[in-house]
Student: 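Have a look at this one.
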Amino acid sequence: MGRRWVAVTAKPGRIFRTPAPAAARALRGARLEKAGRRGKVLLLEFDGGKVLLVHLGMSGQVLLVPPAEHPEGHVHLEAALDDGRKLVFRDPRKFGFYRLAKAGETDSLRELAGIGTDPTAPGFTWEKFSADLRARKGALKPLLMDQSFFGGIGNIYSDEILFASRLRPMRGVETLTPVEAKDLFHSVRDVLASAIGCGGTSFDEAFTDVYGKPGLYGGRLAVYGKQGEPCGHCSTELKLIRSGGRSSVFCPHCQK
DNA sequence: CGAGTACCCTGTTGGC
DNA sequence: TGCCAACAGGGTACTC
């Protein structure tokens, strides 16, 4: 934070939603003043009213490394900092994106339009959650992953949240009792807080913080990726279902 | 309009 | 052992 980007290179490609060369030119000499987030989108705010939007997709990574280090493969953006270090943005599968915007226009960008309440922010209250729930219908799983419902939850944590609240992925929102709804609310907060506290979930060396350190939540996953294994609570075999091209794992005994 | 599906992309994994 | 198909994932665009 507060570092100036003294040299910037951006590799043109589909992943850049604004022309890469222009973005690199605009960011050269800019000072990073604030790093924020809206849902899964990172917002890097620079002096001069420039904002860089970064979505890491599923394989995106940002690394802070010494200048002599050259992380391998699929580097899309690289910035030399005025303290001698280097920021490297990678994304092998290119499901993410980069966009350079002006500070004033971020609210009108389609990348940020309709991203719901952040479930880790103070604005995420029981009152808000229960009101939002009542306005929806359909299965819980796609709802949790719907970025307009709340921003930032993907496949891993939606499965874990549903297990923690003992609700099945395909359970209809409109069938929840008040007690179940409240359970769900607390599970959203608890699961996310504990996952963030662990530094997230790392499947391999690509899921790390900027220093290359992996997250430790993987060891605490209850259901995600564990189809066929016994449930940690009741030993029933965990089942996998597929819906809308996305997989969900749940315990047929614990989750109703 | 809602639900379902194909596509984008590439590294990893499982089956033959 | 080696090759190739299948799969994973978020978001969008499309069809039924």
Side-chain angles (χ1 to χ4, degrees), chain A residues 10-18 20 37-43 53-63 71-77 88-99 101 106 108-120 132-162 168-175 188 191-192 195 200-208 212 214-215 217-218 221 223-229 238-250:
Chain A
K11 195 168 133 243
R14 248 179 59 94
I15 200 163
F16 265 93
R17 294 194 177 174
T18 47
R37 179 180 65 80
R38 194 101 52 96
K40 300 177 183 176
V41 182
L42 302 177
L43 294 164
L53 274 62
V54 178
H55 191 301
L56 296 177
M58 65 167 288
S59 58
Q61 188 181 32
V62 186
L63 291 169
E72 292 276 309
H74 307 285
V75 171
H76 303 288
L77 181 68
V88 178
F89 295 73
R90 304 175 60 234
D91 189 354
R93 296 190 196 175
K94 303 176 186 169
F95 272 24
F97 65 78
Y98 302 83
R99 168 181 288 260
T106 51
S108 59
L109 296 176
R110 66 185 174 87
E111 281 86 355
L112 300 176
I115 291 182
T117 318
D118 193 304
T120 64
D132 287 351
L133 262 194
R134 275 192 295 274
R136 300 292 191 125
K137 58 189 174 110
L140 288 174
K141 168 81 175 190
L143 179 66
L144 291 181
M145 291 182 62
D146 183 343
Q147 300 301 298
S148 71
F149 186 65
F150 40 50
I153 295 182
N155 209 21
I156 299 177
Y157 298 117
S158 55
D159 275 10
E160 295 300 311
I161 288 165
L162 287 168
R168 294 199 183 198
M170 290 306 128
R171 179 75 180 275
V173 189
E174 60 280 2
T175 69
V188 170
V191 167
L192 292 180
T201 305
S202 301
F203 298 105
D204 56 47
E205 66 282 355
F207 296 85
T208 67
Y217 195 72
L221 293 175
V223 289
Y224 179 82
K226 293 185 181 293
Q227 59 271 22
E229 295 181 31
L238 298 176
K239 285 268 174 283
L240 178 124
I241 50 167
R242 215 170 275 281
S243 170
R246 297 293 175 263
S247 58
S248 305
V249 183
F250 70 103

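In the text below, chain A, chain B and the rest are named by the order of the sequence lines, each starting its count at 1.
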Student: Do the side-chain N or O atoms of A:Gln147 get closer than 4.0 angstrom to the phosphate oxygens (OP1, OP2) of C:dG10?
Tutor: no
Student: Side chains of A:Asp132 and A:Phe150: does their closest heavy-atom pair fall under 4.5 Å?
Tutor: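 A:Asp132 does not reach A:Phe150 side chain to side chain.
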Student: Between A:His55 and C:dG10, does any side-chain N or O lie under 4.0 Å from OP1 or OP2?
Tutor: no
Student: Between atom CD1 of A:Ile241 and atom CZ of A:Arg246, what is the distance when rounded to the nearest 0.5 Å?
Tutor: 14.0 Å
Student: Looking at every strand, decide which applies to A:Gly57 at a 4.0 Å heavy-atom threshold: base, sugar-phosphate, or nothing.
Tutor: nothing
Student: Tell me the interatomic distance from A:Ile15, atom CD1, to C:dT12, atom P, rounded to whole angstroms.
Tutor: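 Spelled out: CD1 on A:Ile15 to P on C:dT12 is 14 Å.
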Student: If each of A:Ser243 and A:His74 is mapped to the nucleotide of DNA chain B with the nearest heavy atom, which maps nearer the 5' terminus, i.e. the 5' end?
Tutor: A:Ser243
Student: What is the distance, to the nearest angstrom, from the CZ atom on A:Arg17 to the P atom on C:dG11?
Tutor: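 Atom-to-atom, A:Arg17 to C:dG11, this comes out as 10 Å.
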Student: Select one nucleotide: of C:dG10, B:dG11, C:dT12, the one nearest the side-chain heavy atoms of A:Pro92.
Tutor: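 Looking only at side-chain atoms, A:Pro92 lies closest to B:dG11.
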Student: Is there a donor on the side chain of A:Arg242 or the base of B:dG4 sitting less than 3.5 Å from an acceptor on the other?
Tutor: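 Flag unset: no donor-acceptor pair detected.
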Student: Who passes side chain to side chain contact (heavy atoms under 4.5 Å, CB included) against A:Glu229, sequence neighbours left out?
Tutor: A:Lys226
Student: Taking all heavy atoms of A:Arg90 and all of A:Pro71, pick out the closest pair and write down the distance.
Tutor: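 It is CD-CB, 4.0 Å.
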Student: Separation of A:Leu42 atom CG from C:dG10 atom P, in whole Å?
Tutor: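 Rounded to whole Å, this separation is 15 Å.
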Student: When the side chains of residues 110-120 of chain A are checked against the rest of the protein, which donor-acceptor pairs come out under 3.5 Å, sequence neighbours left out?
Tutor:
residue	atom	partner	partner atom	Å
A:Glu111	OE1	A:Arg99	NE	3.4
A:Glu111	OE2	A:Arg17	NH1	3.0
A:Glu111	OE2	A:Arg99	NE	2.9
A:Glu111	OE2	A:Arg99	NH2	3.4
A:Thr117	OG1	A:Lys128	NZ	3.4
A:Asp118	OD1	A:Arg37	NH2	3.3
A:Asp118	OD1	A:Thr120	N	2.8
A:Asp118	OD1	A:Thr120	OG1	2.5
A:Asp118	OD2	A:Arg37	NH1	3.0
A:Asp118	OD2	A:Arg37	NH2	2.6
A:Thr120	OG1	A:Arg37	NH2	3.4

Student: Taking side chain to side chain contact (heavy atoms under 4.5 Å, CB included) as the definition, give me every residue that meets it alongside A:Leu143, ordered by chain and number, with sequence neighbours left out.
Tutor: A:Leu133, A:Arg136, A:Phe149, A:Val173
Student: Which of residues 133-144 of chain A have a heavy atom under 4.0 Å from DNA chain C?
Tutor: none
Student: Run the side chain to side chain contact (heavy atoms under 4.5 Å, CB included) test against A:Asp91 and tell me which residues pass, sequence neighbours left out.
Tutor: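 Once residues adjacent in sequence are excluded, the partners of A:Asp91 under the side chain to side chain contact (heavy atoms under 4.5 Å, CB included) criterion are A:Ile15, A:Ser59, A:His76.
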Student: So do the side chains of A:Arg168 and A:Leu140 get within less than 4.5 Å of each other, counting heavy atoms only?
Tutor: no
Student: Could you tell me the separation between the CZ atom of A:Arg14 and the P atom of B:dC8, rounded to a whole number of Å?
Tutor: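 Those two atoms, CZ and P, are 8 Å apart.
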Student: Give the ring-plane orientation class for A:His55 versus A:Phe97, where under 30° counts as parallel, over 60° as perpendicular and anything between as tilted.
Tutor: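 The arrangement is tilted - the two ring planes meet at 30° to 60°.
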Student: Give the rounded distance in Å between these two atoms: CG of A:Leu56 and C1' of B:dC9.
Tutor: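 A:Leu56 atom CG is separated from B:dC9 atom C1' by 16 Å.
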Student: Could you state the CZ-C1' distance from A:Arg93 to B:dT13, rounded to the nearest angstrom?
Tutor: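 Going from A:Arg93 (CZ) to B:dT13 (C1'), I get 11 Å.
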Student: Specify the angle, to 10°, made by the local axes at the two ends of the helix from B:dG2-C:dC16 to B:dC16-C:dG2 when five pairs are taken at each end.
Tutor: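 Rounded value for the end-axis angle: 70°.
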Student: Judged by each residue's nearest nucleotide on DNA chain B, which is more toward the 5′ side, A:Arg246 or A:Lys94?
Tutor: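 Between the two, 5'-proximity favours A:Arg246.
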Student: Report the distance from atom CG of A:Asp159 to atom C1' of C:dG10, rounded to the nearest whole Å.
Tutor: 15 Å
Student: Roughly how many Å is it from CE in A:Met58 to P in C:dC7, rounded to a whole number?
Tutor: 15 Å
Student: Between A:Leu77 and A:Phe16, does a side chain to side chain contact (heavy atoms under 4.5 Å, CB included) hold up when you go through it step by step?
Tutor: CA-CA 10 Å; A:Leu77 181 68; A:Phe16 265 93; 4.1 Å; yes
